[in-house]
Amino acid sequence: QEHLVESGGGLVQPGGSLRLSCAASAATLRYYGITWFRQAPGKEREGVSCISSSDGNTYYADSVKDRFTISRDNTKNTVYLQMNSLKPEDTAVYYCAPVAICRGVLGPDGAQFKYHYWGQGTQVTVSS
C-alpha cells in the first residue's frame, strides 16, 4: 500500500473555494476508488466524497452535496476535490485513501474505515 499525498488546503473565508489534490500511483487509481475524508478537532473522521475506479461514479456525504465536486485526472494520477461555498464547519484536516468500493465509507461511516497508510493530510480552515 502507498501513502497518498494530499495538498491544496489553506485559509479561506466563508463562501470561498478551494481545490484539494490527492496524488496516487497509476495502479492505485486503476484498481481502487478514492475517498476524501476529513477530521475536525474533537470529532470523528467523516467520509466526504468518493469516486469509483471502475465507472467514475461519484458519491457525496449529505453535508457537502451540491457544494463539493470530486474528479479524477488519470493523466496526472491525481484526484481532486473542488470545494465551493465553504462553511466554517468544513474546517478540518482532509485526507484521501484508496477504497475497494464507494459503499460504507461516507458520512459517519468514515469513522469505521480501517487504513494504515494515512498521509499527512491538508488543513482547510474556513474563517473570516
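The analysis underlying the following values was restricted to heavy atoms, covering all of them including side chains, and did not include hydrogens, waters or symmetry mates. Residues take their numbers from the sequence shown, with the count starting at 1.
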Expected output: side-chain T91 to main-chain V126 donor-acceptor under 3.5 Å: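 Confirmed, T91 side chain pairs with V126 backbone.
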Spacing of [atom1] belonging to [X] relative to [atom2] belonging to [Y], to within rounding of 0.5 Å:
X	Y	atom1	atom2	answer
L18	F68	CG	CZ	9.0 Å
S53	L29	OG	CG	9.0 Å
C102	D55	SG	CG	8.5 Å
R45	Y95	CZ	OH	9.0 Å
L81	E6	CG	CD	11.5 Å
D109	R103	CG	CZ	11.5 Å

Salt bridge K87-D90, side-chain N to carboxylate O under 4.0 Å: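 No salt bridge links K87 with D90.
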If you look at every heavy atom in [X] and [Y], which pair is closest and at what distance?
X	Y	answer
V105	F37	O-CE2, 3.7 Å
S17	S85	OG-N, 4.4 Å
G9	V124	CA-CG2, 4.1 Å
G56	R72	CA-NH2, 4.0 Å
L106	S49	CD2-N, 3.6 Å
V93	G121	CG1-CA, 3.9 Å

side-chain contact (heavy atoms from CB on, under 4.5 Å) assessment of E46 paired with V64: CA-CA 11 Å; E46 174 188 21; V64 305; 5.8 Å; no
Ring geometry between Y115 and W118 (parallel below 30°, tilted from 30 to 60°, perpendicular above 60°):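 The arrangement is perpendicular - the two ring planes meet at more than 60°.
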Distance-only donor-acceptor check, side chains S52 and S54, under 3.5 Å: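 A donor-acceptor contact under 3.5 Å links the two side chains.
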Crowding at CD, Q123 (>12 non-hydrogen neighbours, <6.0 Å):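 Yes, because the 6.0 Å sphere around CD of Q123 holds more than 12 heavy atoms from other groups.
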Working for side-chain contact (heavy atoms from CB on, under 4.5 Å), residues V79 and W36: CA-CA 9 Å; V79 172; W36 281 98; 3.8 Å; yes
L4-I70 co-clustered via ILVMFWY side chain contacts under 4.5 Å: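 L4 clusters together with I70.
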Side chain proximity check, P98 to I34, heavy atoms < 4.5 angstrom: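 Yes - at least one pair of side-chain heavy atoms lies under 4.5 Å apart.
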